[in-house]
Amino acid sequence: MPNLFVSYDLINQKNYPAVEKAIKECGTAVRVLLSVWYIKSDDTHIAVRDHIQKAMDKDDRLLVINAGDAAWINVLPGASEDILSNWSK
């Protein structure tokens, strides 16, 4: 199961609830920064991108990264523990 990081920019409409719902549907999702999420998913990074993109407008931006290793500091409260508890599963 890949460790994915998702980052997005919503440009005009800014439908955050729809995008966040789509992200959470992809697997165990943890918000680590305001528009950056960690996802432990059964799906590939391409499938996750395609799923989230359906909730976005044409002018929005999306980046999905399949990560092997990561390091962080000062992420949102609880995010570090949630990532560590899911990373090796």
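Since the structure is predicted, the reported quantities are computational estimates derived from the model, not experimental observations. For reference, positions follow the sequence shown, starting with 1.
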Heavy-atom side-chain proximity of Leu10 to Met56 below 4.5 angstrom
yes
Restricting to side chain to side chain donor-acceptor pair (under 3.5 Å), what partner residues turn up for Lys21, sequence neighbours left out?
Glu25
Using 0.5 Å steps for rounding, measure from the CG atom of Leu76 to the CG atom of Asp82.
11.0 Å
How close do Gly68 and Trp87 get, counting heavy atoms only, and between which atoms?
O-CZ2, 3.3 Å
Criterion side-chain contact (heavy atoms from CB on, under 4.5 Å) against Ile39, the qualifying member of Asn86, Thr28, Val48, Val64:
Val48
CG (Leu84) with more than 12 external heavy atoms under 6.0 Å
yes
I'd like to know if Ile83 and Leu4 are part of one continuous hydrophobic network [Ile/Leu/Val/Met/Phe/Trp/Tyr, side-chain heavy atoms within less than 4.5 Å].
no
Quick one: list whatever passes ring-ring contact (aromatic ring centres under 6.0 Å, His included) with Trp72, sequence neighbours left out.
none
Does anything in residues 32-43 form a side chain to side chain donor-acceptor pair (under 3.5 Å)? List the pairs, not counting sequence neighbours.
Asn3-Tyr38, Asn3-Lys40
Can Ile23 be reached from Leu63 by stepping across I, L, V, M, F, W or Y side chains whose heavy atoms are under 4.5 Å apart?
no
What distance do Met1 atom CE and Thr44 atom OG1 have between them, rounded to the nearest 0.5 Å?
13.5 Å
Pairs meeting criterion ring pair (Phe, Tyr, Trp, His ring centres under 6.0 Å) with involvement of residues 48-71, two or more places apart:
none
Quick one: which residue pairs count as a side chain to side chain donor-acceptor pair (under 3.5 Å) with a foot in residues 59-69, not counting sequence neighbours?
Asn12-Asp59
Contact check, side chains of Val36 and Val6, non-hydrogen atoms, under 4.5 Å:
no
Straight-line distance of Phe5 CZ to His45 NE2, nearest 0.5 Å:
14.5 Å
Of all the heavy-atom pairs spanning Ala55 and Val19, show the shortest one and how long it is.
O-CG2, 3.8 Å
Pair Asn15, Asp57 - check side chain to side chain contact (heavy atoms under 4.5 Å, CB included), show working.
CA-CA 9 Å; Asn15 191 352; Asp57 296 323; 5.5 Å; no
Any pair with a residue in residues 10-30 that passes ring pair (Phe, Tyr, Trp, His ring centres under 6.0 Å), sequence neighbours left out, goes on the list, sorted by first then second residue, please.
none
So does Ile52 get a backbone contact from the side chain of Arg49, meaning a donor-acceptor N/O pair under 3.5 Å?
no
